[in-house]
Amino acid sequence: MSTTGRERLYLFDTTLRDGAQTNGVDFTLADKQAIARLLDDLGIDYVEGGYPGANPLDTEFFAEKPKLGHARFTAFGMTRRAGRSVSNDPGVAALLEARADAICFVAKASAYQVRVALETTNEENLASIRDSVTAAKAAGREVMLDCEHFFDGYKENADFALACARAAFEAGARWVVLCDTNGGTMPHEIEAIVGEVVKHVPGDRVGIHAHNDTEQAVANSLAAVRAGARQIQGTLNGLGERCGNANLCSLIPTLKLKTEFADRFEIAVSDQQLAGLMKVSRTLDDMLNRAPNRHAPYVGESAFVTKTGIHASAVLKDPHTYEHVLPESVGNRRKVLVSDQAGRSNVIAALERGGIPFSKSDPKLTRLVEELKEREAAGYAYESANASFELLARRTLGSVPDYFRVEQFDVNVEQRYNALGERVTVALAVVKVDVAGERLISAAEGNGPVNALDVALRKDLGKYQGYIDGLKLIDYRVRILNGGTEAVTRVLIESEDETGERWTTVGVSPNIIDASFQALMDSVFYKLVKSGAPG
Ligand SMILES: CC(=O)SCCNC(=O)CCNC(=O)[C@H](O)C(C)(C)COP(=O)(O)OP(=O)(O)OC[C@H]1O[C@@H](n2cnc3c(N)ncnc32)[C@H](O)[C@@H]1OP(=O)(O)O
Ligand SMILES: CC(=O)C(=O)O
């Protein structure tokens, strides 16, 4: 019990061990060092760094202990192998040599697994647990045991599963962690089984390690806590073998913000650390070069997005109407989108966000909503194209100058052979623009027609050239809508300027070049408006 009268819950992160078992995830040594610090800064109690002795990377990571302020650095590995003594087992030796505060052993807790996977006896498995825990204790480490396949093992032979847990506890393990290794156990089963286990091993020595194969790893972890477990293992962004582990980015806010848990339990993550959670989640995705899950609870970009008119109108009166917690509490933010589901409230919120002057009584506002819906029906997607929406709004409300007019453009794509006899495809574009009565003609080559058009358009815009010099296109996405002969093409272009600001524009047409050109034009106009270029 802490000074606040709440029970302490311990968080154990296994991103660097079970997370490294994720298909497609490969950490470098520098990644591991950085993630360990990130987890420590977040207030995690145990950082499992990997499996020293199993591969050179993990052995190197454990050769020098990372400097962590709060977290206990933990090494993972198997209990001694059947038929060997602890002193004669190189795997256990590597664990004992590793520079770690704690050792988390893994041992089977299922009689079926012992028979089939280890091909040994239940008695030998229990002896292996006792011997390994005893040796690590004697080496001065805090010891834990991950009881692999515990829940499946319990359903098959409860006495043996419990004997494994008790053997670790009686040999001095600080934590006995019950693993739903195959991830198929339901929350009510977890709650019932953990409720039985804590009659044999005190709850404040019991942990839960849940996999997400039925999308219930978070629910299973919470069920275990309700039944008495006091350590939760999980990973950032739910990384982990197969479908992943319990997601700490969902568990931490739930434990901190939901009264059932917040009133009873205390974790080492402060409110301030919680407010950095979205950043932590993003940092991991950036390191792994993975696109963040927009729809992730709490930390996803869409977690506090409101799209429909009825919701937006209420959220603007009081966010609590459609939000279960405040977005800022986890470092996220509220966003009201404009789309075909929008009403005046969404549009007003978007205008305010873009700093676009308007009057709520202006009839042009109603026209803007109608125009938005007509264009969305034609294929535009303003929800993803913030800059095109701003231009549409400013144009409807009458505040975008006619900076320039494109009188004509031509694009040719040619296949030829170069001097080395290699086949090359080259695109050539010519653009004629009228800038304040001055006619400018630019030509450019590109590796494709859109690239050539883009380069030609931005080559010479006369007096506006200086405003667009820092503009660059960073992403180009095409989607065919409706299909068949009626198909239209939607192009989304993402741009960036010298300030680092990014924006997205949209174009729609039956012709892909025309759709791309609309999106390019919007991007250039947006940049001119944003830069305050005079009309
Ligand atoms: C549920 C989990 O996520 S557990 C963690 C799983 N993670 C990993 O396995 C990643 C790291 N593993 C490795 O690099 C390798 O498996 C090593 C280095 C640990 C072992 O490699 P190898 O010696 O080549 O053995 P291999 O991987 O083929 O098989 C595992 C062996 O350990 C035995 N074993 C498995 N679990 C345990 C255990 N908890 N305690 C003791 N022995 C065990 C198996 O019976 C098998 O023995 P066998 O070779 O006599 O059949
Ligand atoms: C230990 C572990 O990762 C598991 O049982 O799932």
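Since the model is a prediction, treat every value here as computed from it, not as a measurement. For ligands, and for the atoms within them, numbers begin at 1 and follow the listed sequence.
Applying the ring-ring contact (aromatic ring centres under 6.0 Å, His included) test between F73 and each of F12, Y46, F61 identifies F61 as the sole match. Paired with I232 under the rule side chain to side chain contact (heavy atoms under 4.5 Å, CB included), one option of L255, V218, I267 passes, and it is L255.
Shown here are the salt bridge (charged side-chain N to carboxylate O under 4.0 Å, His left out) partners of K137, two or more places apart in sequence or in another chain: there are none. Under the rule for a salt bridge (charged side-chain N to carboxylate O under 4.0 Å, His left out), E241 has no partner lying at least two apart in sequence or in another chain.
Checked against a 6.0 Å centroid threshold, the rings of F151 and H211 do not count as neighbours.
Counted within 6.0 Å of NE2 on H320, heavy atoms from surrounding residues, nucleotides or ligands total 12 or fewer; the atom is thus considered open. No more than 12 heavy atoms of other residues, nucleotides or ligands sit less than 6.0 Å from atom CD of E215. Counting non-hydrogen atoms of neighbouring residues, nucleotides and ligands closer than 6.0 angstrom, the CZ atom of R282 exceeds 12 such neighbours.
Remark: R264 fails to qualify as a cation-pi partner of F261 under the 6.0 Å distance and 45° angle criteria applied to the six-membered ring.
Closer than 4.0 angstrom to ligand 1 by heavy atom are R17, Q21, Y51, A54, F76, M78, T79, R80, R81, V106, A107, K108, A117, L118, E148, T181, E241, sorted by chain and number.
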For ligand 2, find each of its N or O atoms that sits under 3.5 Å from a protein N or O atom, and tabulate the pairs with distances to one decimal place.
| unit_1 | atom_1 | unit_2 | atom_2 | d |
| --- | --- | --- | --- | --- |
| ligand 2 | 3 (O) | R17 | NH1 | 3.3 |
| ligand 2 | 3 (O) | R17 | NH2 | 2.9 |
| ligand 2 | 3 (O) | D18 | OD2 | 3.0 |
| ligand 2 | 3 (O) | H209 | NE2 | 3.0 |
| ligand 2 | 5 (O) | T181 | OG1 | 2.7 |
| ligand 2 | 6 (O) | H209 | NE2 | 3.1 |
| ligand 2 | 6 (O) | H211 | NE2 | 3.0 |

